[in-house]
Structures are given as structure tokens and as C-alpha cells.
Amino acid sequence: MTTALLQMRFSSEVAEAQRDGRPVVALESTIITHGMPFPQNVETARMVEQTVREAGATPATIAVLDGILHIGLEPEELTDLAQRADVAKLSRADIAACIATGGTGATTVAATMVAAHKAGIAVFATGGIGGVHRGAESSFDISADLQELAQTPVTVVAAGAKAILDLPKTFEVLETLGVPVIVFGQDEIPAFWSRQSGLPTPIRLDQAEEIAKALLVRQEFGLPGGQLVTNPIPKEAEIPASTVAPWIAAALADAERQGIAAKEVTPFLLQRLYELSEGASLTANIALVLNNARLAAKIAVAYAELPKAAATPI
Ligand code: PSU
Ligand code: MN
């Protein structure tokens with residue numbers, strides 16, 4: 001759909017899939033530009049797209065390029081975005097001004113949900129969502145991703161939230177906002193690099209089909225807001241929480257010392273963890289994103305197969 005100022009460009013494979021009514025999975029781009037170093041960022045982005053295809057869905061990596069909202073990137077657009085240094089980080093608050101001024105930006109979980117919903121995509125895969133930062137009681141730093149989950153009807157598959165955040169507060173806020181936190185296949189919420197967080201599962205589902213059905217029931221209700229599906233990192237790729245803890249402590253101390261604030265905080269901490277772990281955090285991050293892409297594709301495929309007759313679209 002194209003209006004006067006909000007121009008959307010669909011990649012050829014996404015346009016084709018939507019025309020044929022085949023399942024599509026949205027992917028964010030901040031993980032590429034602000035979440036991983038080059039060249040692992042572009043290699044991972046390509047592998048994530050390929051994983052979605054192999055699981056029977058079509059990947060739609062979302063970004064704003066020169067003022068145009070792209071739903072799906074052509075291979076050369078992805079390669080170019082991954083190497084650019086001047087890319088803005090766009091959340092819900094920033095995306096309209098970036099489009100209005102012809103800018104280029106990568107979308108966070110929040111902005112990717114906004115764009116996916118606009119493009120008619122119901123399922124989205126990422127690594128980790130933003131959340132309540134440690135010390136939020138004085139900094140008030142709470143990611144816009146949480147509010148977005150409360151208002152935009154997209155199912156987001158993530159490996160939980162990183163332990164750089166305050167996980168108990170993050171899940172308390174999600175509960176307050178009425179966001180379903182579904183844990184795939186275990187009784188504890190996963191903590192990104194680690195399978196365990198010590199936090200009990202709010203809702204456990206073991207099948208992609210069940211998650212797709214829950215999405216459809218929400219639509220039939222006309223409930224605004226999405227679902228957060230937390231998918232534990234595969235066992236063989238896991239880093240124990242006790243190994244990660246000192247890296248996090250050091251990264252947080254560095255951020256504090258350097259006065260890092262606002263939207264710089266998450267990218268700064270991710271970069272410091274990569275350095276402090278000598279790349280181990282990145283290896284695990286890649287494994288969990290691929291795992292999430294696979295599950296998101298299964299959910300999208302199952303959703304596409306459900307009869308929709310009784311659904312009230314929202
Ligand atoms: N957490 C990760 N990797 C990421 C991000 C978060 O483990 O790449 C990115 C996502 O794009 C997320 C954003 O939406 O950071 C959250 O940023 P903030 O905390 O500034 O809202
Ligand atoms: Mn923040």
C-alpha cells in the first residue's frame with residue numbers, strides 16, 4: 001500500500017508470497033546495524049532469512065531506506081545496510097520523522113511491529129526484546145518494546161530478554177500491560193544466553209500450532225496487542241548465567257562510568273559484552289536467532305493453515 005508520504009516497498013519475494021496468501025515472517029534490522037558487528041551481522045541476517053525459507057515461510061527484513069519503508073530487503077540492500085555507519089536506530093517514536101525526512105534507519109522490535117502490522121504480517125522473529133533496565137527506578141529506562149507488545153497485534157518470537165536488563169521487572173511490566181508471555185516447551189522463562197532465569201513460566205505451550213491458535217483467538221476477540229513467545233536457546237549453544245554475570249557487571253560499570261544514556265544504552269552493552277566475552281556472546285546470539293526464526297516460521301505456517309471464517313480482523 002502506498003499513500004502520499006508513507007511509501008512502502010515490498011521485496012519481490014514478500015510481494016509474491018502475500019499475493020499467493022503464503023506465510024511471511026517479519027525480521028528486525030536494529031540487530032543488524034546496532035546489535036552485531038560486521039561481517040557477522042550480514043552473515044547472520046542472511047542465515048536467518050534462509051532458515052525462515054527452509055521452514056516454509058518468506059522472510060521480510062524491515063528497514064527505512066532513504067525515506068521508504070521496506071518490507072523485505074533485496075540481497076544488495078541488506079549487504080549495504082549492514083555496512084553503513086550512519087544508520088539511525090528507529091523505535092515507534094522515530095520512524096515517522098525518519099520517513100518524512102528521507103532518512104535511513106534500522107527498526108527495533110517496537111518499530112518492526114508497527115511496520116509489520118501495517119504490512120499485514122502477524123509473526124516476527126528476533127533475538128531479544130528490550131525491557132526494563134537495571135536501575136530503572138531512578139533512570140526510568142524502560143524500552144518502548146514493552147508498550148508496543150501491549151498495543152500492536154504481532155506475535156514476537158525472542159529468546160527472552162537479556163540479563164543486562166532487570167528480568168523480574170521486565171516480566172512484571174509485561175504482566176501489568178496484559179501481554180501474554182508464552183514460554184515454548186519449558187517451565188521457566190529463558191534468559192537469552194541461558195535457558196533458565198529463575199522466573200516461572202506464565203503460559204507454557206509446546207506446539208507452534210497452539211501459539212498460532214492463541215493468536216487467532218486474540219484476533220477473534222478483537223484484543224489489541226501482541227504475544228511474546230520466549231524460545232529457549234538450544235542446549236548446545238547455551239552459556240551458563242554464572243559465566244555471563246561478570247561480563248554483564250563489567251559492561252554495566254563501563255556504561256555508568258561513560259555516562260551512556262537513552263537509546264545508546266542497549267547497543268553499548270551489547271558491544272561491550274561481545275568484547276568482554278571474546279566473541280562467545282555473539283556465537284550464542286547467532287544460534288538463538290536462528291532457532292527463533294525456525295519457530296516463528298512454524299507459527300506463521302500453522303497460522304496460515306487455520307480456517308479464519310469466524311475471525312474478526314483488527
Ligand atoms: N536486545 C538484544 N539484541 C538487540 C536488541 C535488544 O539482545 O539487538 C535491540 C532490539 O532492536 C530491541 C532494541 O528492540 O535493541 C531495544 O532498544 P531499547 O532498549 O533502546 O528500546
Ligand atoms: Mn531505553
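Counting convention: from 1, in listed order, for ligands and their atoms alike.
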Distance filter under 2.8 Å, centred on the Mn ion (ligand 2) - protein N, O or S atoms that pass it: Asp141 OD1
Rounding to 0.5 Å, atoms CG (Leu69) and CD1 (Ile95) come to a distance of 5.5 Å
Would you say the side-chain atoms of Thr33 pair up with the backbone N or O of Val87, donor to acceptor, closer than 3.5 Å? no
Judged by atom type as modelled, is there a donor-acceptor pair below 3.5 Å linking the side chain of Asp145 to the main-chain atoms of Ala110? yes
Which residues share a side chain to side chain donor-acceptor pair (under 3.5 Å) with Gln271, sequence neighbours left out: Glu275
Side chain Lys213, main chain Ala302, donor-acceptor under 3.5 Å: no
One pair per line, please: each N/O atom of ligand 1 matched with every protein N/O atom under 3.5 Å away, atom names first, then the distance to 0.1 Å.
{"from": "ligand 1", "atom 1": "1 (N)", "to": "Gly128", "atom 2": "O", "distance (Å)": "3.4"}
{"from": "ligand 1", "atom 1": "7 (O)", "to": "Lys162", "atom 2": "NZ", "distance (Å)": "2.3"}
{"from": "ligand 1", "atom 1": "11 (O)", "to": "Glu28", "atom 2": "OE1", "distance (Å)": "2.6"}
{"from": "ligand 1", "atom 1": "11 (O)", "to": "Glu28", "atom 2": "OE2", "distance (Å)": "3.4"}
{"from": "ligand 1", "atom 1": "14 (O)", "to": "Val109", "atom 2": "N", "distance (Å)": "2.8"}
{"from": "ligand 1", "atom 1": "14 (O)", "to": "Asp145", "atom 2": "OD1", "distance (Å)": "3.4"}
{"from": "ligand 1", "atom 1": "14 (O)", "to": "Asp145", "atom 2": "OD2", "distance (Å)": "2.7"}
{"from": "ligand 1", "atom 1": "17 (O)", "to": "Lys89", "atom 2": "NZ", "distance (Å)": "3.2"}
{"from": "ligand 1", "atom 1": "19 (O)", "to": "Thr266", "atom 2": "OG1", "distance (Å)": "2.8"}
{"from": "ligand 1", "atom 1": "20 (O)", "to": "Lys89", "atom 2": "NZ", "distance (Å)": "2.7"}
{"from": "ligand 1", "atom 1": "21 (O)", "to": "Ser143", "atom 2": "OG", "distance (Å)": "2.7"}

Looking at Glu49 and Ala45, would you say the former's side chain and the latter's main chain have a donor-acceptor pair under 3.5 Å? no
Sub-4.5 Å side-chain heavy-atom contact between Trp193 and Lys162: yes
Partner of Ile62 by side-chain contact (heavy atoms from CB on, under 4.5 Å), out of Leu90, Thr112, Leu27, Val14: Thr112
Across all chains, not counting sequence neighbours, the side chain to side chain donor-acceptor pair (under 3.5 Å) partners of Ser277 are Ser281
